[in-house]
Every structure is written in C-alpha cells, then in structure tokens.
Protein chains: 2
Amino acid sequence: MNFDAITIRDIARELHLSVSTVSKALRDSYEISEKTKKLVTEFAQKHNYRPNPMAQSLKKGHSKSIGIVVSSIDNQFFSQVINGMESEAYSQGYNVIITQSHESYELEVQNVGHLIHRAIDGLLISIATETADVEHLRRLQQQGLPIVFFDRVSNEIDTHKVIVDNLGGAYQATMHLLASGYKNIAHITSSVTSSVTNQRLAGYVDALVESGIEVNEQYIKYCLHGGLNLDELEQAIDELMQTEPRPDAILTASDRITTSTMTLLHKKNIRIPQDVALVGFSNTVLADVLNPSLTSVHQPAFEIGRKATEMLLSIINSKRPITEFENVVLPTELFIRSSSASKLK
Amino acid sequence: MNFDAITIRDIARELHLSVSTVSKALRDSYEISEKTKKLVTEFAQKHNYRPNPMAQSLKKGHSKSIGIVVSSIDNQFFSQVINGMESEAYSQGYNVIITQSHESYELEVQNVGHLIHRAIDGLLISIATETADVEHLRRLQQQGLPIVFFDRVSNEIDTHKVIVDNLGGAYQATMHLLASGYKNIAHITSSVTSSVTNQRLAGYVDALVESGIEVNEQYIKYCLHGGLNLDELEQAIDELMQTEPRPDAILTASDRITTSTMTLLHKKNIRIPQDVALVGFSNTVLADVLNPSLTSVHQPAFEIGRKATEMLLSIINSKRPITEFENVVLPTELFIRSSSASKLK
DNA sequence: GTGAAAGCGCTAACAA
DNA sequence: TTGTTAGCGCTTTCAC
C-alpha cells in the first residue's frame with residue numbers, strides 16, 4: 001500500500017541529490033547547507049512527503065506510538081481516560097493504539113503481544129479482572145519496555161502508577177450513606193484479585209468500623225467478571241435481597257457494576273432509594289438523568305489518562321534507566337443525588 | 001524496542017541454515033523438506049519467535065491491520081460498532097487501529113493520514129459532521145485503498161456502505177409520536193451535510209406529510225457539531241421552547257444529541273413527556289433506567305461493525321478490483337418507553 | 001557540504 | 001531442497 005507514495009528516493013532523484021543528503025536535510029542536520037535544506041524541505045512540503053513510519057521504526061527500533069490496554073472502551077470511565085491519553089500523546093508527537101481485554105486474561109496477553117510486535121515504545125495498562133498472574137508484563141518490563149499502570153494496578157511490578165484514592169472514595173460514599181440514615185450497607189465489587197477492589201473494600205470496611213458497625217461478610221459480593229456477566233451480578237443482588245436483615249443500601253464498586261445494578265433493580269421492581277439506596281463508582285454523564293438520579297463517586301478520568309501518559313513519556317524519553325517510581329493518587333469526588341436520599345426526616 | 005527479540009537470522013544461525021530457508025520453512029513453503037520445516041517450526045515455537053510486523057509490512061506493503069475512524073468512542077453506538085469490527089477482524093487475523101475525529105474535519109484528515117502511514121490495508125470510516133469535502137478520501141480510494149463507509153457515508157464516493165434504515169427509523173418514531181397524540185413535533189439533528197441527517201430528516205418529514213401535517217421549518221434545528229457542543233444544543237432547545245405553538249414532542253437524531261437533550265431538559269425543569277415528549281436515536285444501555293425511560297430508535301451497532309468489516313476484508317482479499325459496490329441497509333428498532341407516553345387517555 | 005554504503009528484519013526471485 | 005542476493009524506506013557512519 002503506497003498511497004501518496006513519495007519517498008526520500010523520489011526527492012533525491014528529482015533534486016539530483018543523494019538519499020542521505022535528503023534524509024539529513026529533512027532532519028535538519030548541521031552538515032547540510034541552508035540552501036539545500038530549503039530546497040529539500042520545500043520540495044517535500046509541496047509534494048506532501050511523509051516519512052514511512054514502518055521504515056523508520058524498523059531502522060530506529062521505536063515507533064513513536066504507545067499501546068493502551070483497557071477492559072472495554074464501551075465504558076465512560078475508560079473512554080474518558082483514553083481521551084486524556086490521546087491528548088497528551090498527540091501533544092508530544094506520539095500516536096496511541098487502543099486495545100480491549102474485555103476482562104479476559106487471554107485477550108490481555110494476546111493484545112499485549114500484538115502491541116509489542118507493533119513496536120510500541122511504551123504501554124499503558126489497566127489489568128483485566130481475570131488477570132491474576134502478571135508474569136507476561138513483568139518479563140516485558142525487565143526487557144526494557146516502559147510500562148505505566150493506571151486504574152487496576154499490580155503490586156508485583158514496580159513502575160509508575162496512576163490511581164485514584166479508592167479507599168477514600170469508598171469511605172466517603174459509605175459515610176454519606178450512614179449519615180443519610182442507612183444502616184445495612186452492602187457492597188458489590190469485582191474480582192478479589194484486583195487492587196481497586198481491595199482498596200474500595202477497605203474504604204467501605206473502614207467507614208463501617210469507624211462508625212461502630214459490624215462488617216457483615218454476607219453483605220459483600222464479588223463479581224469475578226466485573227459485572228460484564230449480568231448473571232453473576234443478578235445472583236449477587238438476589239442473594240443480598242434475601243439476606244437478613246435485608247440491606248437498605250448498596251455501594252457498587254465500578255462503572256459497569258453500578259449501571260448494571262441499577263438496571264437489574266429496576267427490572268426487579270426494587271425501588272431506589274425507598275427499598276434500597278444506591279451509591280456507585282461511575283463516570284457516566286447520564287448520572288443526573290437516571291431514575292433516580294445517581295449518587296456517584298466520580299474519578300478524574302481525563303486527568304488519569306493524561307498523567308499516566310505524561311509519566312510514560314518521561315520514562316521513554318529518559319536518558320537513564322528509571323529506578324524511582326511514583327505512585328500518583330488523584331482524588332475522587334462524591335456527587336450526591338437522589339439515589340441515596342436521606343432516610344431521616 | 002526488541003523484546004523477545006529472536007529474529008529469523010538467529011534461528012538460521014543456530015540451526016546452520018540460511019535465512020531464506022528459515023523464512024520459507026516458517027511460511028510452510030513447498031520447496032522446503034518436511035524435516036527442515038519441523039526443525040525450524042519447533043525451534044521457533046520453543047523460542048517464542050514472532051515475525052516483526054514492521055519488517056513484514058515494509059517488505060510486503062501491507063500490514064494485516066485495518067484503520068477505523070469514528071467521531072468518538074465515548075458513545076455507546078460507536079463502541080458497539082467497534083466491538084463488531086474487532087470481532088470480525090480478529091477472526092480473520094487482522095488487527096484494528098482505532099482513531100477518533102471528535103467531529104473535526106482537521107482531525108479526520110490527520111487521523112486518516114496517520115493510518116495510511118501505518119500501512120493499513122483498508123479503512124472503515126464514519127465521516128465527521130464537520131466534513132463537507134471528501135477529497136482526501138477519494139484520492140486514497142483512487143490510489144487503491146479499500147474503504148468501507150458506515151453510519152455517516154458519502155454519496156460522492158463509490159464503495160461498499162453499511163447504514164441503517166435511517167429514513168424508516170425516523171419515520172417510525174415520528175409516526176409513533178403522532179399515534180400517541182403529539183401534534184407539534186420538533187426535530188433536532190446534526191449538520192445538514194451529513195447523509196444520516198438528511199435521511200432521518202426525510203423520514204420525519206414523510207411521516208408528517210403522510211399524516212397531513214404541515215412541516216414547520218422552525219421546528220427543525222441543526223447542530224453543526226452534532227451535539228458535542230452543548231451551547232448550540234441549548235440554543236436550539238431554547239428557540240424551540242419559544243416557538244409558537246410550542247412543540248409537544250422532540251425527535252432527536254443522534255446518540256449524543258439525544259442524551260444531551262435529555263440532560264438539558266432536566267436542567268431547565270421541562271418535564272418529559274408532560275411538557276415535551278422525547279424520542280431519540282440512541283444505543284445507550286441505560287435507556288430503561290433513565291428518567292423517564294427513553295423511547296429510542298436502536299441501531300444494530302455490533303452487526304453494522306461486523307458487516308462493514310466483512311465487506312472491507314472481501315475487498316482487501318479480492319483478486320480483481322471491485323467495481324460493483326453494495327449498499328447494505330440494516331433495520332432499526334423502535335423501543336417504546338415512557339418518554340413518549342401517550343397523551344390520549 | 002555531499003554522497004556511498006551498510007543495515008534494521010523480512011520476503012522472494014534466482015542460482016546452485 | 002537449500003542458499004545467495006536484492007530490496008522494502010529510512011538513518012547513519014564514514015569517506016570524499
């Protein structure tokens with residue numbers, strides 16, 4: 001496929017120069033006279049010359065592109081994160097290649113493999129809920145691939161990480177429910193293996209303990225597929241609704257779980273918040289117009305993406321190997337709406 | 001970046017063979033003895049050899065990857081379309097590269113340029129609302145790049161296209177509003193230049209005309225940025241609400257316009273459907289749990305993506321140049337919910 | 001200041 | 001059946 005295929009050779013031929021001279025002129029080398037540079041760049045401009053990145057990558061061993069792995073782009077949180085990544089990457093002359101793991105370990109490994117062979121210069125990844133073993137990533141890192149984790153990070157790999165204050169967000173949400181008069185608060189979350197799950201769970205537990213409320217293990221439900229699988233979520237809800245005493249509020253731990261829970265509660269004719277209040281981590285732009293409007297823990301998704309990319313590019317562009325890694329924690333924001341309306345007068 | 005960097009040369013050296021023999025063995029050439037093939041493939045397997053796609057692309061002039069341009073992945077419709085594309089592409093051994101135009105002509109041109117220089121073998125594109133001139137695409141097609149349009153297509157370029165029955169969908173939605181007792185139906189849509197806009201507009205007009213209702217130009221509002229810009233949408237709504245007689249229903253023509261309109265009506269305390277009914281083209285999975293639940297014209301997004309990709313790959317894999325192009329039209333589905341509840345008893 | 005030539009990893013025509 | 005070689009488009013060393 002050679003569209004608009006004007007190469008450095010074509011320019012050399014037309015201008016009666018050698019390819020190396022043209023190459024150098026294009027790269028503004030000090031060896032080349034201003035006159036020749038001008039000649040070449042103007043010709044290139046005029047004929048819309050663009051270097052073939054395949055050839056450049058092959059030669060230089062890097063590609064000016066970074067790989068992204070998220071569980072699913074069909075998720076407001078991740079699409080906002082990606083917008084932040086694109087923004088930062090483009091501003092530094094990098095392109096992004098987006099792939100989806102759909103929460104599958106196998107797909108994650110496959111996608112990473114694909115990205116590597118596309119010669120990406122770095123990787124931005126939120127690991128899949130299914131992923132327990134991160135050996136595939138560790139190996140790559142050891143071989144020198146810059147990796148930055150965001151959202152779902154791995155403790156077993158030492159590198160830059162960008163997360164939000166998951167503990168604080170869950171704590172604040174739980175405290176809000178308690179303050180609104182809810183006593184029996186359940187928690188639906190993803191896989192136990194996930195960093196995010198554990199931090200949010202801890203925030204939930206902390207709030208309860210601090211308020212002198214006993215943690216009821218039956219109120220905590222894990223969805224191994226992060227709510228992608230509606231059946232597992234439905235089962236969790238059914239079990240919760242049969243637990244005695246029945247929960248009067250639910251804290252949901254991810255975007256997908258939150259919206260799916262809302263949908264299932266509707267389907268079951270369980271009224272929110274009268275029968276059960278709902279507070280969820282979610283970045284949906286529709287929170288205001290849901291029925292009822294949704295109290296949500298909102299994450300600065302764009303900033304997560306932007307920051308993660310900035311850090312990745314700093315590793316990529318660093319002369320020396322990086323040994324000191326940063327763990328950026330951004331704040332969450334609780335938006336109080338009707339789904340957690342106060343029970344108290 | 002050479003991770004796991006075992007090349008064909010390494011294999012040749014280790015096995016005391018030539019690179020071409022190894023290359024041929026790997027590609028299962030008839031010229032190579034079974035014995036050698038076995039030796040090579042087993043060694044490659046064992047050492048986790050994977051060909052460098054950059055080198056392959058450079059050599060072969062194609063990359064086994066297809067480019068995708070959508071306006072925004074932060075949109076249920078497009079993310080579902082992309083899932084369909086991924087699914088079909090992967091099953092045929094192709095990768096996809098996703099880019100967003102954010103409805104900007106400039107970004108669209110830039111993205112297409114980037115994709116081309118990534119040596120994509122074909123392009124799947126829904127053109128940006130801003131795009132009026134498709135010269136950049138026509139040129140590429142003439143140079144031999146297989147292109148398939150979906151969703152927002154261009155009439156000026158002859159190739160495979162996958163759309164939905166936009167006219168029928170808008171017609172059906174409008175008829176539903178009329179049947180529910182709404183008489184003054186407004187229509188908010190995107191840029192006039194878009195194929196989708198025109199077809200949906202035609203469906204709206206047809207339904208009115210067929211029902212003996214005069215088309216009121218003041219009831220038709222165009223948003224040049226497809227609702228990305230909230231201000232232009234808010235102005236459209238404000239104008240509509242001041243038109244005499246005031247519309248009692250609105251048909252919105254795209255996912256983003258629909259959800260944003262809902263948000264703005266809430267903000268303005270305009271009740272749906274009591275003050276104004278709302279029916280919109282939308283693929284949001286939250287339609288059921290919106291307030292009120294949203295009557296929506298739903299598109300078979302996954303199938304659109306799958307089908308478009310299937311057609312693109314058929315062009316790519318075709319021996320002869322294609323001259324007969326297909327125009328696939330998939331049906332929409334109207335989901336009737338509360339936002340258009342009947343006015344009649 | 002400019003050019004010749006090697007080489008990134010791979011494929012394929014041609015030679016042996 | 002296997003090997004030699006040229007070349008995809010580019011960068012870069014070294015020579016002129």
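Any value given below was found using the heavy atoms of this structure, including those in side chains, with hydrogens, waters and symmetry copies removed. Below, chains carry the letters A, B, ... as their sequence lines are ordered, and counting in each starts from 1.
In this structure, B/E31 reaches the bases: a heavy-atom distance under 4.0 Å links it to at least one base atom across the strands shown. Among the protein residues, A/S57 comes within range of no part of the nucleic acid, since none of its heavy atoms lies under 4.0 Å from any strand. Using a 4.0 Å heavy-atom cutoff across all strands shown, B/S33 reaches sugar-phosphate atoms only and no base atom.
Put simply, CZ on A/R9 is 13 Å from P on D/dT11, counting in whole angstrom units. What separates CZ of A/R13 from P of C/dA4 is a distance of 15 Å, to the nearest Å. Regarding B/I8, its CD1 atom lies at a distance of 14 Å from the P atom of C/dC8, rounded to whole Å. One atom, OH of B/Y30, and another, C1' of C/dA13, lie 11 Å apart when rounded to the nearest Å.
Side chains of A/S126 and A/D151: a donor on one and an acceptor on the other come within 3.5 Å. Judged by distance alone, the side chains of B/S18 and B/T21 do bring a donor and an acceptor atom under 3.5 Å apart. When only modelled atom types and interatomic distance are considered, A/T36 and A/S33 share a side-chain donor-acceptor pair under 3.5 Å.
Taking the screw axis at each terminus of the helix from C/dG1-D/dC16 to C/dA16-D/dT1 from five consecutive base pairs, the angle between the two is 50° to within rounding of 10 degrees.
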Nucleotide N/O to protein N/O under 3.5 Å, stretch nucleotides 4-6 of chain D:
{"residue": "D/dT4", "atom": "O4", "partner": "B/S20", "partner atom": "OG", "Å": "2.9"}

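A search for ring-ring contact (aromatic ring centres under 6.0 Å, His included) contacts involving B/Y105 returns B/H136, not counting sequence neighbours.
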